[in-house]
Amino acid sequence: MDAMNPAIRPAESSDVPAAHGLLRAASLPTDDLPADLPHFVVLYDQTRLVGLAGMEYHGPVGLLRSVAVSPEYRSQRLGEKLVGAVLDAAREAGVREAYLITTTAEAYFRRYGFATVARTDVPEAIGKTSQFNGLCPSTATVMKMTL
């Protein structure tokens, strides 16, 4: 795979089994992963899924989720490309604020312009997501970025 020009593409329902595997390996939740992965992008090295990122759309707000890159492909800026593709698509769809919940990657997401916010300051639509209501621990950091 050419790390300088990875072939990121929209996810398809056939990507779901590999997405579950990649997310489980990264200790990320899969219980609420949508069946057809709308608003997700994937990155393959030939036939192996090596990167994934997605966004749940809730009107003018979105929840960035399921950002994962296989360990041996890290440090090639692939996560940055995946997140960038998801955020660009969200902007085009009219999403104005993106939120995320993380237990380990706060510093990583600050590089994109995400800032920590109080759990009580999230919009109702984000507060009702499965990620917010139990899949991620209540001690997880909530972050926001204006698009």
Side-chain angles (χ1 to χ4, degrees), residues 1-117 119 121-132 135-136 140-147:
M1 177 173 54
D2 179 358
M4 297 307 291
N5 190 18
I8 294 173
R9 66 164 174 80
E12 302 170 355
S13 57
S14 61
D15 296 313
V16 171
H20 275 266
L22 181 61
L23 293 172
R24 279 194 299 272
S27 300
L28 293 173
T30 60
D31 292 347
D32 67 334
L33 199 64
D36 56 355
L37 299 176
H39 316 297
F40 277 69
V41 294
V42 293
L43 174 63
Y44 277 82
D45 183 355
Q46 297 184 18
T47 61
R48 180 173 170 231
L49 179 67
V50 298
L52 172 74
M55 176 81 69
E56 289 182 24
Y57 290 12
H58 300 279
V61 296
L63 180 66
L64 180 65
R65 55 161 302 165
S66 306
V67 178
V69 174
S70 294
E72 62 273 25
Y73 290 84
R74 293 182 185 156
S75 300
Q76 297 180 42
R77 302 186 80 155
L78 300 178
E80 178 181 333
K81 291 177 186 339
L82 290 160
V83 169
V86 169
L87 293 176
D88 287 347
R91 281 184 195 97
E92 289 176 22
V95 173
R96 297 291 167 239
E97 295 177 337
Y99 290 81
L100 64 85
I101 305 165
T102 184
T103 57
T104 61
E106 184 177 346
Y108 177 79
F109 287 108
R110 283 192 189 288
R111 296 188 323 197
Y112 298 102
F114 281 90
T116 304
V117 296
R119 292 180 76 85
D121 291 340
V122 301
E124 183 179 353
I126 299 300
K128 288 183 176 180
T129 64
S130 297
Q131 296 267 322
F132 199 85
L135 287 181
C136 294
T141 300
V142 179
M143 302 182 84
K144 171 188 170 184
M145 178 177 144
T146 301
L147 302 179

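Residues take their numbers from the sequence shown, with the count starting at 1. A quick note: this is a predicted structure, and the numbers were derived from the prediction, not measured.
Scanning both residues, A19 and L37, for their nearest heavy atoms gives CB-CD1, 4.2 Å. For the pair A68 and L23, the tightest heavy-atom approach, listed with the atom from each and the gap, is CB-CD2, 4.0 Å. The minimum heavy-atom distance linking L82 with I8 is given by the pair N-CD1, 3.8 Å. The two atoms that bring V61 and P123 nearest to each other are CG1-CG, 3.9 Å, heavy atoms only. The two atoms that bring L22 and S70 nearest to each other are CD1-OG, 3.4 Å, heavy atoms only. When every heavy atom of R110 is checked against every heavy atom of A115, the shortest pair comes out as NH1-CA, 3.9 Å.
Between the side chain of D88 and the backbone N or O of A85 there is no donor-acceptor pair closer than 3.5 Å. With hydrogens and angles ignored, the 3.5 Å screen pairs no side-chain donor or acceptor of T30 with any backbone N or O of L33. Although no hydrogens or angles enter the test, the distance criterion places no donor-acceptor pair under 3.5 Å between the side chain of R74 and the main chain of G79.
You'll find the side chain of F114 reaches within 4.5 Å of the side chain of L64, heavy atoms only. Side-chain contact between L87 and M55: present, with at least one pair of heavy atoms (C-beta onward) separated by less than 4.5 Å. M143 is listed as a side-chain neighbour of T116, based on a closest heavy-atom distance under 4.5 Å. A heavy-atom distance below 4.5 Å is found between the side chains of L147 and M145. Proximity of Y57 to P38: side-chain heavy atoms (C-beta onward) are nowhere separated by under 4.5 Å. Taking the side chain as every heavy atom from C-beta outward, Y73 and R48 approach each other to under 4.5 Å. Taking 4.5 Å as the limit, every side-chain heavy atom of V86 sits out of range of all side-chain heavy atoms of H39. Within the 4.5 Å cutoff, the side chain of E97 has no heavy atoms near those of the I126 side chain.
Counting heavy-atom neighbours within 6.0 Å of R77 CZ, excluding the residue itself, gives a total of 12 or less. Counting non-hydrogen atoms of neighbouring residues, nucleotides and ligands closer than 6.0 angstrom, the CD atom of E72 exceeds 12 such neighbours.
Distance OG1/T129 to CG/L63: 5.0 Å, rounded to 0.5 Å. In this structure, CZ on R111 lies 6.5 Å from CD on E80, to the nearest 0.5 angstrom. Atoms OG and CG, from S66 and L52 in turn, are 6.0 Å apart once rounded to the nearest 0.5 Å. Note: L28 CG to T103 OG1 = 7.5 Å, rounded to the nearest 0.5 Å.
Between R65 and D32 there is a salt bridge, since a side-chain N of the basic residue sits under 4.0 Å from a carboxylate O of the acidic one.
Using the six-membered ring where Trp is involved, F109 and Y112 have ring planes that are tilted, between 30° and 60° apart.
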